[in-house]
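Contents: one structure, followed by commentary.
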Protein chains: 2
Amino acid sequence: MTTDKTWAPLFERLRTTTGAGQEDLQALAALPIALRHYGENQAVLRDGEQPSDCCLIVDGFCVRSKTIADGKRQILSIHIPGDLPNLQNLHYATVDHDLVALSDCTLAFIGHKALKDLIAQRPGVGNMFWRDTLVDAAISREWIVNVGQRSTTSRLAHLIVELRERLRLAGRVIDDMFALPLTQEQLGEAMGVTSVHTNRILRDLRIAGVLELQRGTVRILNEHKLQELAQFDGRYLHLSPSS
Amino acid sequence: MTTDKTWAPLFERLRTTTGAGQEDLQALAALPIALRHYGENQAVLRDGEQPSDCCLIVDGFCVRSKTIADGKRQILSIHIPGDLPNLQNLHYATVDHDLVALSDCTLAFIGHKALKDLIAQRPGVGNMFWRDTLVDAAISREWIVNVGQRSTTSRLAHLIVELRERLRLAGRVIDDMFALPLTQEQLGEAMGVTSVHTNRILRDLRIAGVLELQRGTVRILNEHKLQELAQFDGRYLHLSPSS
DNA sequence: GCCCCGACTTAACATTTGTTGGGTGCGCCG
DNA sequence: CGGCGCACCCAACAAATGTTAAGTCGGGGC
């Protein structure tokens, strides 16, 4: 079933993180959706738009970003299959950042009206989604810590460990490798440093035998050193329904 | 009425930002609450706790913060009267950061159970609060931009302009002055720089005649220069129900 | 198969920010 | 009323990060 593949990563996540009920998920899967494909660097949503749908990432990676007056860009979050990066537009009209496809992406669009009707009918669905947006917020707060306080090296390590954790939930980690389709410039924009500096840090990590990043794929070489750098405490991901 | 004073800043904000209905607000005001006072630097919530109430800031300032392994602290958000800084615990049990009173504070505690019952009964209340947490998240995203991309000077200007905007909603700005009861060290922790550097920036701004910060009070000296530095675009605050 | 473009890589130098350590002033407590 | 502690303030130096400018590499289009 196409539908199965479409909803699978989201349902997987909701089941493990919220203990979602089968009925709520079935009701969700019954919603009408529109699939669309996006290519590398294509904008899905632009700052200022007022979308009438929420989108679900079925496959591929997207990022939220903001560009300030002098042209500098900050990446705010990285989104992977199963994420709903603009649920917030259920409650306010205007997007306040860009949403850009990093790689070839498949997105499923779900109309606000259908979603709101379903939530009115099944409060459990609303609670699941509200929770989802709250975890999204918790991830943003950790992102602030990352950019504000950690050394650039730890920052990159933390970003990588968090993403791996989230990708694992979506079944997208194989052994010690996973996709990270950001250029060094984009990684820099995520960390608040320049691409030149990102390159320095990556070289250091490579030489230190911690990890390698080649053609959009990360390979962890030394898990222990990586953990030591990242000091990752995943409680903010609230992976279990009771946490 | 005590109750009036307690709910006033929240209701004020909800009315202008969400167009909240009178009935929903009355139902809220009927909830049982417990008022508690906190002193400077006193923890309201600690990382790891599982609170059974949500709190409303009635008076005073609080900050969310996280401390990392090496002892460095990042301030994640500044909260003012009318804010509900831990609504997220309605949907997950564990607090993943600290909440600390910056100054003498009055907080109103509302039990999760009472709040959930009310939301089940009146979906409009749930929608209001969901929206509130989404704006909170939008503020966190802008905070990432601030820490990641703006020069320290612009960063401070932006923080000040944002806070002034939010304080205005709560009726807490008088002429060109308002309270900012953070020490230079705390301001630094909010911006991701050291207290020494914060001091440098404040001196520069004072010498340039942009603003003064004395004993927890900001005075704007040159609105035009301030705006030029801050490049503030308040759309992310979603101040009107239709935005 | 060649060329061209974008990503990566690096070095030298400039600028920003952190560190250290020492001062000043004010409010609070004994 | 005196001193003690904390915030503020500042300068000299150290370290991290940005800027600029070149050169390498590899994959896709002609």
Side-chain angles (χ1 to χ4, degrees), chain A residues 39-42 61 63 68 70-75 100-104 146-157 159 179-208 211-219 229, chain B residues 39-42 61 63 68 70-75 100 102-104 146-157 179-208 211-219 229:
Chain A
E40 204 175 319
N41 291 322
Q42 199 179 343
F61 284 62
V63 292
I68 62 176
D70 65 0
K72 286 195 230 171
R73 216 165 70 115
Q74 174 69 41
I75 289 178
V100 180
L102 281 179
S103 52
D104 282 349
N146 216 24
V147 175
Q149 298 298 338
R150 280 190 256 266
S151 71
T152 314
T153 311
S154 298
R155 207 179 297 179
L156 183 53
L159 184 156
L180 182 66
L182 284 85
T183 65
Q184 293 184 0
E185 172 151 32
Q186 291 166 333
L187 267 180
E189 288 170 345
M191 298 192 293
V193 299
T194 59
S195 60
V196 174
H197 197 53
T198 305
N199 184 277
R200 281 197 270 252
I201 302 303
L202 278 170
R203 167 164 50 75
D204 294 349
L205 287 173
R206 196 186 326 122
I207 290 172
L211 59 85
E212 273 177 346
L213 173 54
Q214 267 173 30
R215 262 164 283 139
T217 300
V218 183
R219 173 197 291 276
L229 285 170
Chain B
E40 204 175 319
N41 291 322
Q42 199 178 342
F61 284 63
V63 291
I68 62 175
D70 65 0
K72 287 196 232 170
R73 216 166 69 116
Q74 174 69 40
I75 288 178
V100 180
L102 282 179
S103 51
D104 282 349
N146 216 26
V147 175
Q149 298 299 338
R150 279 189 258 266
S151 72
T152 314
T153 311
S154 297
R155 206 178 300 179
L156 183 53
L180 183 67
L182 284 85
T183 64
Q184 293 184 0
E185 173 151 33
Q186 290 167 333
L187 268 181
E189 288 170 345
M191 298 192 294
V193 298
T194 59
S195 60
V196 175
H197 197 53
T198 307
N199 184 277
R200 281 197 270 252
I201 302 303
L202 278 169
R203 167 164 51 73
D204 293 349
L205 288 172
R206 195 185 327 120
I207 290 172
L211 59 84
E212 272 176 347
L213 173 55
Q214 267 172 29
R215 261 166 285 138
T217 300
V218 182
R219 174 198 290 276
L229 285 171

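Just so we're on the same page: letters track the sequence lines, and every chain starts at 1.
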Exercise for the section: Examine distances only and state if a side-chain atom of A:Q74 and a backbone atom of A:E189 form a donor-acceptor pair shorter than 3.5 Å. Expected result: yes
Handout entry: Interatomic spacing from CD in A:Q184 to OG1 in A:T194 - rounded to 0.5 Å
Key = 10.5 Å
Problem - Interatomic distance, B:L102 atom CG to B:E40 atom CD [nearest 0.5 angstrom] - result: 8.5 Å
Completion exercise
Counting only Watson-Crick and G-U wobble pairs with both atom distances below 3.5 Å, the stems of 3 or more consecutive pairs that include DNA chain C are C:1-30 with D:1-30
Less than 4.5 Å apart, any side-chain heavy atom of [X] and any of [Y]?
X: B:L211; Y: B:L156; result: no
X: B:R200; Y: B:T152; result: no
X: B:L187; Y: B:L180; result: yes
X: B:V193; Y: B:I201; result: no
X: A:Q186; Y: A:N41; result: yes

Rounded to whole Å, please give me the gap between [atom1] in [X] and [atom2] in [N].
X: B:E189; N: D:dA7; atom1: CD; atom2: P; value: 11 Å
X: A:Q149; N: C:dT17; atom1: CD; atom2: P; value: 14 Å
X: B:L187; N: D:dC8; atom1: CG; atom2: P; value: 8 Å
X: B:Q214; N: D:dC8; atom1: CD; atom2: C1'; value: 11 Å
X: A:R215; N: C:dG6; atom1: CZ; atom2: P; value: 19 Å
X: B:L102; N: D:dA7; atom1: CG; atom2: C1'; value: 15 Å
X: B:Q184; N: D:dC8; atom1: CD; atom2: P; value: 4 Å
X: A:E185; N: C:dC8; atom1: CD; atom2: P; value: 9 Å

Tabulated below should be each protein N or O lying under 3.5 Å from an N or O of nucleotides 16-19 of chain D; please produce it.
residue	atom	partner	partner atom	Å
D:dT17	OP1	A:T152	OG1	3.1
D:dT17	OP2	A:T152	OG1	3.2
D:dT17	OP2	A:H197	NE2	3.1
D:dG18	OP2	A:T194	N	3.1
D:dG18	OP2	A:T194	OG1	3.2
D:dG18	N7	A:R200	NH2	2.7

Fill in the blank from the handout: Nearest heavy-atom contact between B:L229 and B:A157 is CB-CB, 3.7 Å
Handout entry: Phosphate OP1/OP2 of D:dC8: any B:N199 side-chain N/O under 4.0 Å
Key = no
